[in-house]
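Only heavy atoms go into these numbers, but all of them, side chains included; no hydrogens, no water, no symmetry mates. Chain A is the first sequence line, chain B the second, and so forth, proteins listed ahead of strands; every chain is numbered from 1. Given the structure is predicted, the values throughout are model-derived calculations rather than measurements.
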Number of protein chains: 2
Amino acid sequence: MTRKSEDAGRSTIRDVAARAGVSASTVSRVLGGVYPVSAATRTRVLRAVREMDYVADARAKAIAGAGTPTLAFVLEDITGPSFAHMAQGVEREAARLGHLCLVCSTDGDVRHELEFIEMMRAQRAAAVILVGGTADTPEYRERTRRIADSLASAGSRLVLCGRPPLGPGAPVTVIEYDNEGGAYALVAHVLTQGHRRVLFLGGRPDHTTAQGRERGYLAAHRARGLDPDPELLLHGDFTRDSGHRLMRQALERGLEFTAVVAATDMVAAGALTALHEAGLDVPGDVSLAGYDDIPFARDLHPALTTVHVPYEELGRLAVRTALGHTADTADEHLLLGTHVVVRGSVAAVGD
Amino acid sequence: MTRKSEDAGRSTIRDVAARAGVSASTVSRVLGGVYPVSAATRTRVLRAVREMDYVADARAKAIAGAGTPTLAFVLEDITGPSFAHMAQGVEREAARLGHLCLVCSTDGDVRHELEFIEMMRAQRAAAVILVGGTADTPEYRERTRRIADSLASAGSRLVLCGRPPLGPGAPVTVIEYDNEGGAYALVAHVLTQGHRRVLFLGGRPDHTTAQGRERGYLAAHRARGLDPDPELLLHGDFTRDSGHRLMRQALERGLEFTAVVAATDMVAAGALTALHEAGLDVPGDVSLAGYDDIPFARDLHPALTTVHVPYEELGRLAVRTALGHTADTADEHLLLGTHVVVRGSVAAVGD
DNA sequence: GTGAAAGCGCTAACAT
DNA sequence: ATGTTAGCGCTTTCAC
């Protein structure tokens with residue numbers, strides 16, 4: 001009776017077989033698909049299945065060789081709009097390809113990340129997609145390299161999405177969107193409007209995505225023989241609150257600038273509010289630009305000039321390439337382009 | 001050799017046992033935890049594990065009785081900010097409780113939803129959390145009821161989050177946030193400012209969340225003996241684009257109103273832009289309010305008056321209650337409160 | 001303290 | 001077309 005109550009309803013393939021008066025293999029065959037089974041038997045089995053509301057245990061199937069492949073998606077923060085769009089891409093493509101999709105946000109905590117990856121290895125995930133920048137330290141490379149190897153040797157693959165590559169020969173796929181190029185184009189646009197002191201609201205200084213965008217900012221200046229004032233380079237994170245705080249501080253410190261470029265649309269949103277709170281008009285008094293082109297960017301006032309990144313497509317691409325390669329494909333590197341979207345938040349200086 | 005190449009690296013517990021010169025059971029024991037094993041053996045086993053980079057197959061564990069429990073989270077669109085926050089809550093709480101967390105977005109497609117739930121049943125998920133409103137039809141209740149039953153009889157539990165309950169006796173947990181109450185309070189606030197013609201930018205007419213908010217809008221009017229003009233009740237969906245489109249149409253049709261209440265902050269954002277495009281000032285010419293209190297609401301200009309919903313907490317609560325109940329707990333109903341956040345987008349009429 | 005054996009729920013040869 | 005027999009990789013009695 002103990003057994004009965006705690007296993008209630010959990011019928012096995014043998015229970016079904018018994019009720020249909022056939023063997024377990026027969027049940028497996030009719031459920032499995034195209035194996036020849038007599039119409040009469042099939043009907044009886046199907047009826048038994050329905051009556052018992054039977055669903056085969058996916059774990060048992062998996063271990064026996066059949067089974068739905070799983071794919072893991074690890075990100076820092078599902079709450080960031082750009083990540084959410086990528087997650088959507090991953091999720092959709094995974095579904096389309098008949099894969100299950102585990103999602104984990106790590107809150108930027110390397111320990112969480114490691115734990116989760118270990119779990120995915122235990123799940124025998126077909127691929128794990130790591131997304132978002134990190135600190136590109138030697139430890140990072142070594143650690144990630146080890147992960148890539150053990151994933152590869154277990155028959156699955158690591159995909160780095162918007163993450164620094166590991167150096168040659170590592171069994172990973174890396175897909176990057178061009179942070180430096182996008183920022184370069186954006187800042188070039190701002191400089192073209194005549195701005196000469198442009199404040200940069202960056203992310204964490206050791207974060208590769210932030211670094212790429214910062215490099216673009218610098219490069220765009222240098223390309224015109226300009227040398228941006230180091231004071232104009234601020235660091236925070238990619239949140240709205242960070243943008244708000246940084247902007248307020250810049251204003252309080254009396255920094256001089258005619259334009260501000262934020263590392264992220266979210267940061268730009270916070271900055272915009274701080275600007276408004278200070279009674280400044282955008283773009284009348286100061287111009288503002290963001291990065292990511294999240295849907296909301298159009299609803300800021302003025303609508304935000306920004307860099308479009310094809311996040312959903314990125315996600316889809318990540319799973320497609322992840323699944324399209326065998327374990328021993330060596331490293332492979334894709335770079336997705338971005339383009340600037342001009343809206344109303346950047347004006348010519350002096351206008 | 002075929003075998004060798006395709007199974008490379010996939011070492012089993014037996015391989016480890018062989019290398020350590022012990023039996024599989026012993027390996028299982030040292031890995032398992034607290035079973036008495038001699039220090040020497042343990043060391044040798046652990047070394048073998050490390051050398052072979054062995055990770056036990058989670059599916060096999062699961063089927064053998066041990067194993068990490070899994071929890072599934074099904075939502076319409078991971079891209080909606082409020083859902084993303086809920087997902088974060090779910091994900092964090094699941095991680096804290098040592099559960100794996102599958103996420104699926106259905107794009108509002110019932111077929112996807114059904115398929116996914118079936119998969120979760122196959123995975124023997126400990127709980128599946130369904131989130132977001134739907135059309136509350138008899139079919140919905142019957143279908144969901146059936147799902148709840150079969151989940152329950154398989155030892156797991158269905159949680160409905162922001163979804164209509166199923167009627168008495170169904171083995172589900174339902175957690176709702178008070179859509180009607182929130183909208184009531186919000187609209188009451190607007191009416192208190194003297195507005196008498198307030199446009200409502202709603203969601204799909206058959207969507208329960210949308211309906212709840214709409215009911216609140218109506219009730220707030222009636223409570224003051226007002227009878228809102230049916231023309232002022234518009235329907236769309238919960239996206240930014242819907243808000244933009246609806247608002248533009250309302251303006252084109254020459255509808256008269258002094259305030260607009262949107263079913264969602266996203267909708268409000270789109271509406272705000274449409275208002276601006278029409279040269280209208282908010283709240284000078286027309287007042288505007290939203291619903292959800294997403295972080296971005298503060299960065300709209302003017303900052304959006306809205307209703308705060310504790311989405312992350314909702315997610316955490318969902319997993320906590322889901323996991324805290326046995327399969328045969330009958331239906332249980334929680335209602336979370338909300339409160340209005342007054343910011344600058346609603347002004348007294350005539351100001 | 002450790003090994004042998006049985007079994008979890010399923011599939012896949014191998015027989016008929 | 002269908003049943004029997006082995007596994008899959010692990011845990012868990014049950015012996016010793």
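Distance Ile63(A) CD1 to dC8(D) P: 10 Å, rounded to the nearest Å. If you take CG of Asp15(B) and P of dG9(D), they are 9 Å apart, rounded to a whole angstrom. Atom CZ of Arg121(B) and atom P of dG9(C) are 16 Å apart (whole Å). Rounded to whole Å, the distance from CZ on Arg59(A) to C1' on dC10(D) is 12 Å.
A salt bridge does not link Asp57(A) with Arg10(A): every distance from a Lys NZ or Arg NE/NH1/NH2 to an Asp or Glu carboxylate oxygen is 4.0 Å or more. A salt bridge between Arg145(B) and Glu142(B) is absent, with no side-chain N of the basic residue lying under 4.0 Å from a carboxylate O of the acidic one. Remark: Asp109(B) does not engage Arg111(B) in a salt bridge, criterion side-chain N to carboxylate O under 4.0 Å. Salt bridge Asp107(A)/Arg92(B): present, at least one basic N to carboxylate O contact under 4.0 Å. Glu118(B) and Arg121(B) are joined by a salt bridge, as a carboxylate oxygen and a charged side-chain nitrogen come within less than 4.0 angstrom of each other.
Taking only side-chain atoms of Thr12(A), from C-beta outward, the nucleotide of dG3(C), dG1(C), dG9(C) with the closest atom is dG9(C). Looking at the side chain of Asp57(A), the nearest of the listed nucleotides dG3(C), dG3(D), dG9(C) is dG9(C).
Partner Leu158(A) forms a side chain to side chain contact (heavy atoms under 4.5 Å, CB included) with one of Thr173(A), Ile129(A), Asp149(A), Leu130(A) and no other, that one being Leu130(A). For the side chain to side chain contact (heavy atoms under 4.5 Å, CB included) criterion with Ser156(A), the lone passing option out of Leu71(A), Leu151(A), Leu323(A) is Leu151(A).
Each end of the helix from dG1(C)-dC16(D) to dT16(C)-dA1(D) gets its own axis from five base pairs, and the two axes differ in direction by 40°, given to 10 degrees.
For Ser23(A) and dG3(D), the shortest distance from a side-chain N or O to OP1 or OP2 is below 4.0 Å.
Listed by residue number, Thr41(B) are the residues of residues 39-50 of chain B with a heavy-atom contact under 4.0 Å to DNA chain C.
Although no hydrogens or angles enter the test, the distance criterion places a donor-acceptor pair under 3.5 Å between the side chain of Thr106(A) and the main chain of Gly108(A).
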So Leu75(B) and Met86(B), side-chain contact (heavy atoms from CB on, under 4.5 Å) or not? Walk me through it. CA-CA 10 Å; Leu75(B) 39 51; Met86(B) 243 177 97; over 6 Å; no
What does the B/S/- profile of nucleotides 11-16 of chain C look like, 5' to 3', with a 4.0 Å heavy-atom cutoff to protein? SBB---
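Donor-acceptor pairing under 3.5 Å is lacking for the side chains of Glu93(B) and His99(B). Side-chain contact check for Gln123(A) and Thr70(A): no donor-acceptor pair (N or O, by modelled atom type) lies under 3.5 Å.
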